[in-house]
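Nothing here was measured: the structure is a model prediction, and the numbers come from that model.
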Amino acid sequence: MNARSVWNSPFAWLVRRELWEHRLIVGGPGVLFGVIVLSAIIGLLNGHPISMSGDVSGLDLGPIEAPARKLQILMIAIICLVGALFLMLASGVQIFYAADTLHAERSQRTILFWKSLPVSDLSTVLAKVVVAALVIPLVALAAGLATTLVLSLLFTVEAYSLSNLLAAVWSPAVWWHATVALLYLTLTATVWFLPMTTWFLLVSAWLPLARGRLGRSPMLVAVVVPALVVVFEAVAFHSFTAGAYLTKRFGFAQYLSTAFADARVTFNSAGDIDGRTIGSIASDVMSPLTFLGSPSTIIGVLVSALFIAGAVYSRRRSEDRA
Amino acid sequence: MTTNVIEARGLSKRYGQTVALDGVSFHAAPGRIVGLIGPNGAGKTTALNAILGLIPAEGELTVMGLDPYRERGRLMEVTSFIADVAVLPRWLKVQQAIDFVAHVHPRFRPERCAELINRFGLPRKARVASLSKGMVTQLHLALVMAIDAKLLVLDEPTLGLDIVSRKQFYDHLLNDYMDDERTILVTTHQVEEIENILTDVIFLERGKVVLDLAMDAVADRFAQLVVGPEHVEAARRLKPLSERNSLGRTVFMFEGADPKALAALGDVRQPSLADLFVAKMTTRAV
């Protein structure tokens, strides 16, 4: 199958349909992009330059004469931070989308139109999983990179004479490694938090319609159910195993320690990193093998598969629950 | 030999204690327009849902030679359905609807759909939300009529439409869609409206088939007799299905009665489907 036929496959059109319906997926990051760029331009016009000096992630840049490599690392950090900001927005969009999509098509009865077409419940649900888990964060990531790119252009206009700095800002290696790092972050976070995304999809598909306020809010139910489990355990057994497990598994710390090795970037007295390329630093930080081999990752993927199967089953029986 | 498009034998469906379909048998042959008629809760939608593979049901059911529930994907390639016009997503643009169906339905002809959209004068950039109900129906019809399907299932397709749109809906179906190989199965409350286009009629009540007849046979089998007060008793002795008073005269419905015997008592008319429906339903309710 070539790229063109993939692009025009029924599955690709299922994904497109989601983007038509849920305009927040593109609109959310688009608005954030607009706000940041607009505020930077207005700031620039008001005489507040975009600053590249300062303290970012413990890297004290100091004066602009700082060594080239240090500047490059700082630039990578900036690209990644802006990207991470957009990914945080994406995680909110993800949850809203996943909780809503399979519930809304039932409450609005549009499911009967979709089901009049030769598209299986499995394809439909998988398209929604792909949108929730991949498309939403990747769109946000693209918007994040575009934001840094535009900010860099503005900075270039402002600081055209500072060749040392601009060399770092426009270093292809910097952009390449920052993009790879962000992609790695996006993909690993997608896999790590997949049980959460698919849980919201499952509740969205399963929740019976019109049972009071809870019946109208899959989001609320998806949060309340695990909370009730924790409360039940606390009251009945005076223990906090489920709660402790959930907060640990879905807290950010365990994800970071699984997906990223604890490799600190240390500078020598000259403010440089001896004999190391940016690429080698980046590959030291990412730990894909540890991540993929982690029991937490594997169990998470298996649980997600169960949740997806449950969502497919629920959608299949949507008309059979009268 | 023609094989039936729909073949149901002993079709049953329960929801908890409620029996929605109680051993129903019927069929639909190619080239026929079959009306499935019954009061609310008679099991019409349940029957349609089973035919469309939306729900599993007990008994034997084949649609286009397929098991609807198990082979739903294949069934939907050769079957179209309009559940209700309100099911088109409000955010969908006319052009998006065409593009989407064109890419997920192997038997959809976009050029045919475009031709219909132009004929109906639908704005391609408009969202469903901004169209009138009549226009939404036309859009749905254009999508369905461009699909080369052999079976079209319509569940209350004209609900909530004004009379002009309703008439247009059925006119388009008859003139631009129906042919000898296609079959339409339709449910509606508005019996009068589809009376002239049906070839067969099935009455459902409380999950059972109470009448299954070709429209040609209605006149042979049923007769309506209007008599003055002096002949009421004589008419009752002929065992009518039902009787009701109308403007000082009494209207009887007969099934399988001798036309000559009836003519001797008063005016004999061919009953409308609505009359027949009311007669059948009130008979059973007694």
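- When each of B:Arg72, B:His103, B:Arg107 is checked for heavy-atom pairs under 4.5 Å with chain A, B:His103 comes out on top.
- Legend: residues meeting side chain to side chain donor-acceptor pair (under 3.5 Å) with A:Asp100, ordered by chain and number and at least two apart, are absent.
- The cationic atom of A:Arg16 (NZ for Lys, CZ for Arg) lies less than 6.0 Å from the six-membered ring centre of A:Trp13 and within 45° of the ring axis.
- Taking the centre and axis of the six-membered ring of A:Trp206, the NZ or CZ atom of A:Arg317 falls outside the cone set by 45° and 6.0 Å.
- Using a 4.0 Å cut-off between charged nitrogen and carboxylate oxygen, B:Asp22 and B:Arg14 do not count as a salt-bridge pair.
- Neither the backbone nor the side chain of B:Leu52 comes within contact range of chain A; no heavy atom of the residue lies under 4.5 Å from a heavy atom of that chain.
- Heavy-atom pairs under 4.5 Å with chain A were tallied for B:Pro89, B:Gly53, B:Gly73, B:Ala20; the largest tally goes to B:Pro89.
- Ranked by non-hydrogen atom pairs under 4.5 Å with chain B, the options A:Arg23, A:Arg316, A:Glu105 are led by A:Arg316.
- Taking B:Gln95 as the reference, B:Asp99, B:Arg124 meet the side chain to side chain donor-acceptor pair (under 3.5 Å) condition, with sequence neighbours excluded.
- Neither the backbone nor the side chain of B:Phe108 comes within less than 4.5 Å of any heavy atom in chain A.
- For B:Lys13, the part lying under 4.5 angstrom from a heavy atom of chain A is the side chain only.
- Side-chain contact, A:Thr188 with A:Tyr255: a donor N or O sits under 3.5 Å from an acceptor N or O.
- Among A:Lys115, A:Gln108, A:Arg109, the residue making the largest number of heavy-atom pairs under 4.5 Å with chain B is A:Lys115.
- Side-chain contact, B:Asn49 with B:Thr46: no donor N or O sits under 3.5 Å from an acceptor N or O.
- Looking at B:Leu92, only its side chain comes within 4.5 Å of chain A, counting heavy atoms on both sides.
- Neither the backbone nor the side chain of A:Ile111 comes within less than 4.5 Å of any heavy atom of chain B.
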